[in-house]
Amino acid sequence: MAASYLNEKTPVPTPDRVPSGRASSHGDSTDNNNNYNKERNLDLAKADSKVVQPPKDEVEADPFAHLPEREAKILKDQVYTPDSNVGMATLYRYASRNDLIIIAVSAVCAIASGAALPLMTVIFGNLQGTFQDYFTPGTKMTYEGFTSQLGSMVLYFVYLAIGEFVTSYVATVGFIYTGEHISAKIRTHYLESCMKQNIGFFDKLGAGEVTTRITADTNLIQEGISEKVGLTLAAVATFVAAFIIGFVSFWKLTLILLSTVVALMLCMGTGSRFIVRYSRQNIAAYAQGGSVAEEVISSVRNAIAFGTQDRLAKQYDSHLIRAEIFGFKLKSTLGVMVAGMMTILYLNYGLAFWMGSRFLVSGEVTLSKVLIVMMSVMIGAFNLGNVAPNIQAFTTALGAAAKIYSTIDRLSPIDPSSEEGIKSEHVRGTIRLERIKHVYPSRPEVVVMNDVSLTIPAGKTTALVGASGSGKSTIIGLVERFYTPIEGAVYLDDVDITKLNLRWLRQQISLVSQEPTLFSTTIYNNIRHGLIGTKWENESPEKQQERIHDAAKMANAHDFITSLPEGYETNVGERGFLLSGGQKQRIAIARAVVSDPKILLLDEATSALDTKSEGVVQAALEVAAEGRTTITIAHRLSTIRDAHNIVVMTEGRIVEQGTHDELLEKRGAYYNLVTAQAIAAVNEMTAEEEEAIDQEQTEALIRKASTRNKESGNGAVPEDPEDDIRAKLQRSQSQQSASSMALAGRETEAQKKHGLWTLIKVIASFNREEWKLMLIGLFFSAICGCGNPTQAVFFAKLISALSVPVTEETIPHIQSEASFWSLMYLMLAIVMFIAFVSQGVVFSKCSERLIHRVRDKSFRSMLRQDVEFFDLDENSAGALTSFLSTETTHVAGLSGSTLGTLIMVFTTLIAACVVALSIGWKLALVCIATMPIVIGCGFFRFWMLAHYQRRAKRAYSGSASYASEAITAIRTVAALTREDDVLNQYKASLAVQQRSSLISVLKSSLLYAASQSFMFLAFALGFWYGGTLIAKYEYNMFQFFIVFSSVIFGAQSAGSVFSFAPDMGKAVESSRELKTLFDRKPVVDTWAANGDKLEAVDGSIEFRDVHFRYPTRPEQPVLRGLNLSISPGQYVALVGASGCGKSTTIALLERFYDPLAGGIFIDGKEISSLNVNEYRSFIALVSQEPTLYQGTIRENILLGAPHEVTDEQIHFACKEANIFDFILSMPDGFNTVVGSKGALLSGGQKQRIAIARALVRDPKILLLDEATSALDSESEHVVQAALDKAAKGRTTIAVAHRLSTIQKADIIYVFDQGRIVEQGTHSELMKRNGRYAELVNLQSLEKHG
């Protein structure tokens, strides 16, 4: 994608040239550049240090300050986003009228359902009064009167239950429905707004950020406007209603008990302040560890090759140790906070009864009123606690909305959806750039183009060449109008393109970029995207199909598509990774030409391909370019020698232009570029021979051209070896090859189902050392559990003591009883505080230890796996990193704290049942029967709330990945004018999700409403049966209250404990995955100590009849009987088309995989019999993408050394790698920080550090896997020189795309389809004029005959 390689070009004009004047094995080619270099050396040294200096803390400094005002304004418009002010009302900006009606109804219901809770206390208090009247001598209460009053009270409970059920159901469904509806609208508006934005906006944001917004941030908004609103309204209503009831019943006592509310608020407030602080520190500490893990896993081949797993794991562990400390503080604080809340609860009972008894004795109040006040204050206070976590959801929702709305409200300076501008009838296609000065808004300090004027004639091909960063791609970006230049203008047919309608302009132009972006749909639809906005968009399907097939034929893709099992209906998978590079590129070309555009832009369309696929694609492009205005950019000059005009650019200026031959005659910059890429042709032929061969070639070319014209592209187009898919499929069905036989022998990994007990044992093993601590914790948990039943005894004692009629004689007794039991409450509070704090702290210590160990072991287990493991789709770097950060924390859900919670629940229930049964068994049995319901209510209430959150996140992942795919490919979407198409599909997928989720909400809310209301029914039953027993004088008040409160309140508290317990379901899932990970024994096991030890290695290597297929693609043979031998100290090159097995050979030598058949021998020993770590210590690998880790240059180089090394050795390695001078030119020298993944260095610098790291090992065998392919010509020189130096005196195996880099090799092996077809030195192979010579000629840039 364009964005990615614009950023790669950031290092100011290719700094890698600095040393090239000094040391290069290709003397002849650099001599021409030497003077040129010397002029630039001075400022380059500065330029280089500029790349790396970490930015000074100018956080809000204006990046455009150094530019003149007019230019700064143009740039600001392209990136500036105004901030939106978001209040609670703006969250509902997109609510329709129906939504608002539903919200109003739901809000009323939520308030009603909240107010119902404290009403229960009134009924409870009145019932107690009824009982008291019945027992007190001298009242008029008869048996009949008592039962009728009892009946009406119990009915009130039932009415409450029904009311609560209905109101909470309506409120939940209503709020969740409107929340989804509104957030879906926000999502649509957001994506719509993104589709309108200009490209500069995305350069600043990065695609990842947009994806986060559309997934995470809209989820946050949805949480903030869904069921949480209802819960908060209900909680506030409960609080208000409770205190109204309290003040109406007896205001003095209510005022006194208000103190408990204040105490609770203080406890929660201070607690949550610390919790927020520690959790932030904990997350930060782990984030560093997570980024270490991400770096290591994303470049795991490197870690395996250099055997650095252990050192990297230690580095990861050092971050875990810090995270553990903060995690412990975090969880202990939580424990202390819970303890504080429990203490306040018991103190509140004591205070209420003690003050209540004094008011009672003075005759100001009845006992039933004291009970009503006490219980309603309790309920009110605890519900206020429920508001706090929800408030947080609202503030995060507002924060997320501010970011999202600011994008929605942003007016794009270059808006593709607007209808303004000219749409001319006829397009000739002449493009003219006039005095263009351009600066990318994301990098205002670099002027990319300066005063460029260029005319691109209609119907002709114009090629742009130059070093990377010289402004070639910028021209394409300006023609497509992705950016606005700060000076000058671009004209199409003499009309300024800013005056043209943007969408119309882009429909005249087709773009094929370096990395073809395909969308995950069928090949047919991918090509059809090219028709959007053209006159064929609404044609009949038959006509469209015809056009699409023609375009595919023209792009030379029709044959390989039809040979796929599903043909054009083959789904290309996300970003098209199911196809090879050449195939994707040809589909992209078909998409570009299907609309028959006037202007074709080719941005390095073949650079990502190897020579053979390149030929096929190049042929397709030449056909496509005929008769259109074409602008081509190429790194490989062989692809543009036929262009009508070649424009050479350097540092944003045009240096020279003309045809291929004219420019070669000038012997200027183009000539230098050509010689840099040229290949030493074999000069042994005589002039006559050369002439004859030349003539043959020219004739062949003419023939090719003429047949091509006749058969419109089906003629003599070279074949792509990957296309013959049908033949491959048939062959593998009929006759089996050696490797498929071997594969059949390997059984697949069976998924074992682990029982719960095994999983618990796995987790327990991590806490084995803490078993003493665990016992202490469990002991205290049991004590915590006994709190409730004990409290029930005190409660019943106090009620029976206070319900004695107040007379002069009874007052002293009442007062002493009340004081004694109230003090007992104080004692209980203190004991509970100690017990809760102890178990909280102990378990938090254990669970943090557990998480630390699990993370450490998981990471080590991951690094133990072989490369095969990382090839699987489900083990991508992202997936494994998130496994380490999230799954491991879930495991704590099965650890000590959960065990403690369960012990607490069981002791509560058992003690309650024992107390109740021993005091009054009849009533106890009835109450115990309701226990499961009461506990279930507590559990399901929390479970359902968690379930709503999970469901909301899950529901939108599909549409989110669709949106993020579109936004990641925003340039492609813009170039194809696919904006409306993307939006409509997105809307459709949202609608489907809304329907399905509405049904599931309607069902699941029934459970939630039931859990809210069944409590009341249990109360009703208990009171009714207890009342009947009291009426018959079977029980007295003390018995009734002790049984009722111990069982019902016990069950209630047991149910609510679940809210503190972490999610056990998740824990079981995660521990299952962990067990699978720990048990997986890789084929190539780096932990294994077995295998022969090697003392020394000469470096002779032999492959004997090796067959291999990648485990993830067993149907695709890669090596079929490879034989090759390499003597010690040889420099061997492997060349061939892509997919022919070159890199696989290197991977097998590193023993990333074992071959399916045949063997690889080193010094006559088969490598699978050797100890893998020992064996790898003799090998060093330099791969295509250099991998650096966070830290300094020195640390990165040291990672290569298997043992201690001196500074001299490091310096020596750096000198050999041509990087020593560069490192010393840095202000911090070897202690220069390289940034995450080496982001602060340019490609060439990173590659040279990677070479130094390989050389520090002093390897006997050096493997180079396309070590220079990702660099441009200039950097390539420097790195190549370093590689040639490094290869001296070692066995070196190099894989190369660019053949110029390996002509000096001792022997060259030419691969084709997994076998070796030719071998010999460069000149021998050139004489044979076979496959190698063909590859060379394809890449050669010799002047036309």
Self-check item: side-chain contact (heavy atoms from CB on, under 4.5 Å), paired with Val1172, selected from Ile1167, Val1084, Asp866
Solution: Val1084
Practice problem: Test Val1106 against every option in Thr1145, Ile1160, Leu1156 by the side-chain contact (heavy atoms from CB on, under 4.5 Å) rule and name the one that passes. | Solution: Ile1160
Quiz item: Would you call Ile1179 and Leu1149 a side-chain contact if the rule is heavy atoms closer than 4.5 Å?
Solution: no
Quiz item: Going by heavy atoms in the side chains, are Ile561 and Thr570 under 4.5 Å from each other?
Solution: no
Practice problem: Determine the minimum heavy-atom distance between Asp1105 and Gly1121, stating which atoms define it. | Solution: OD1-CA, 3.1 Å
Practice problem: Working to the nearest 0.5 Å, report the span between OG of Ser1168 and CG of Leu1170. | Solution: 7.5 Å
Practice problem: Walk me through it: do Leu1077 and Met862 pass the test side-chain contact (heavy atoms from CB on, under 4.5 Å)? | Solution: CA-CA 8 Å; Leu1077 174 67; Met862 281 175 192; 4.2 Å; yes
Quiz item: Within 45 degrees of the axis of the six-membered ring of Phe306 and under 6.0 Å from its centre: does Arg1253 put its NZ or CZ there?
Solution: yes
Practice problem: Identify the residue among Arg1151, Arg864, Arg1080 that makes a salt bridge (charged side-chain N to carboxylate O under 4.0 Å, His left out) with Asp1085. | Solution: Arg864
Quiz item: Salt bridge check: are Lys1142 and Asp1265 linked by an N-O gap of less than 4.0 Å?
Solution: no
Quiz prompt | Non-hydrogen side-chain atoms of Ile1316 and Asn1123 separated by less than 4.5 Å | solution = no
Quiz prompt | For Asp1306 against Gly1129, the heavy-atom pair lying closest together | solution = OD2-O, 4.1 Å
Quiz item: What residue among His1322, Glu1318, Glu1324, Gln1319 forms side chain to side chain donor-acceptor pair (under 3.5 Å) with Tyr1332?
Solution: His1322
Exercise. Supply the atom-to-atom distance Ile1126 CD1 to Ile1261 CD1, rounded to the nearest 0.5 angstrom.
Key: 8.5 Å
Quiz prompt | Verdict with reasoning, Asn302 to Tyr1189, per side-chain contact (heavy atoms from CB on, under 4.5 Å) | solution = CA-CA 11 Å; Asn302 208 44; Tyr1189 302 113; 4.0 Å; yes
Quiz item: Within a reach of under 6.0 Å around CZ of Phe1212, are more than 12 heavy atoms found that belong to other residues, nucleotides or ligands?
Solution: no
Quiz item: Would you find a donor on one side and an acceptor on the other, under 3.5 Å apart, between the side chain of Thr1321 and the backbone of Ile1307?
Solution: no
Practice problem: Write down the atom of Leu884, the atom of Ser858, and the distance for their closest heavy-atom approach. | Solution: CD2-CB, 3.7 Å
Quiz item: Just checking, any donor-acceptor pair under 3.5 angstrom between side chains of Ser1169 and Glu1166?
Solution: no
Practice problem: Without swapping roles, check the side chain of Gln315 against the backbone of Arg311 for a donor-acceptor pair under 3.5 Å. | Solution: no
Quiz item: Would you say the side-chain atoms of Asn875 pair up with the backbone N or O of Phe869, donor to acceptor, closer than 3.5 Å?
Solution: yes
Exercise. Grab the two heavy atoms, one from Ile1219 and one from Ala1252, that are nearest each other, plus how far apart they are.
Key: CG2-CB, 4.4 Å
Exercise. Nearest 0.5 Å please: distance from the OG atom of Ser1183 over to the CD atom of Gln1247.
Key: 7.0 Å
Practice problem: For the pair Lys1260 and Asp1098, find out whether any cationic side-chain nitrogen is under 4.0 Å from an anionic carboxylate oxygen. | Solution: no
Exercise. Please report the shortest heavy-atom distance between Gly1164 and Phe1161, naming the atom on each side.
Key: O-CD2, 3.8 Å
Quiz item: If you measure from CZ on Phe560 to CD on Gln583, what distance do you get to the nearest 0.5 Å?
Solution: 4.5 Å
Quiz item: Can Leu1198 and Val1205 be said to form a side-chain contact (heavy atoms from CB on, under 4.5 Å), step by step?
Solution: CA-CA 8 Å; Leu1198 277 177; Val1205 277; 3.3 Å; yes
Quiz item: Under 4.5 Å between any side-chain heavy atoms of Ile297 and Phe870, yes or no?
Solution: yes
Exercise. Decide yes or no for Ile1101 and Ile1293: does some side-chain heavy atom of the first lie under 4.5 Å from some side-chain heavy atom of the second?
Key: yes
Quiz item: Excluding sequence neighbours, so at least two apart, what forms side chain to side chain donor-acceptor pair (under 3.5 Å) with Tyr1153?
Solution: Arg301, Asp871
Practice problem: Give every residue pair that meets the side-chain hydrogen bond (donor to acceptor under 3.5 Å, both in side chains) criterion with at least one member in residues 1171-1180, sequence neighbours excluded. | Solution: none
Exercise. Determine, step by step, whether Thr1086 and Leu863 satisfy the side-chain contact (heavy atoms from CB on, under 4.5 Å) criterion, reporting the C-alpha distance in whole Å, the side-chain angles of both residues, the deciding distance to 0.1 Å, and the verdict.
Key: CA-CA 9 Å; Thr1086 47; Leu863 291 186; over 6 Å; no
Quiz item: Can you check whether Leu1199 reaches Leu312 side chain to side chain, under 4.5 Å on heavy atoms?
Solution: yes
Quiz prompt | Arg1290 vs Leu1255 side-chain heavy atoms within contact, under 4.5 Å | solution = yes
Exercise. Could you pull out the closest heavy-atom pair between Ala305 and Leu1181, with the gap in Å?
Key: CB-CD2, 4.0 Å
Quiz item: Any side-chain heavy-atom pair from Asp317 and Phe859 closer than 4.5 angstrom?
Solution: no
Practice problem: Mark yes or no: Lys1304 above the aromatic ring of Tyr1131, with NZ or CZ under 6.0 Å from the six-membered ring centre and no more than 45 degrees from the axis. | Solution: no
Quiz item: Quick one: does Tyr1309's side chain have a donor or acceptor within less than 3.5 Å of a partner on Ser1125's backbone?
Solution: yes
Quiz item: What distance do Ser882 atom OG and Glu294 atom CD have between them, rounded to the nearest 0.5 Å?
Solution: 10.5 Å
Quiz prompt | Value rounded to 0.5 Å, distance of NE2 in His1107 from CZ in Arg1315 | solution = 8.0 Å
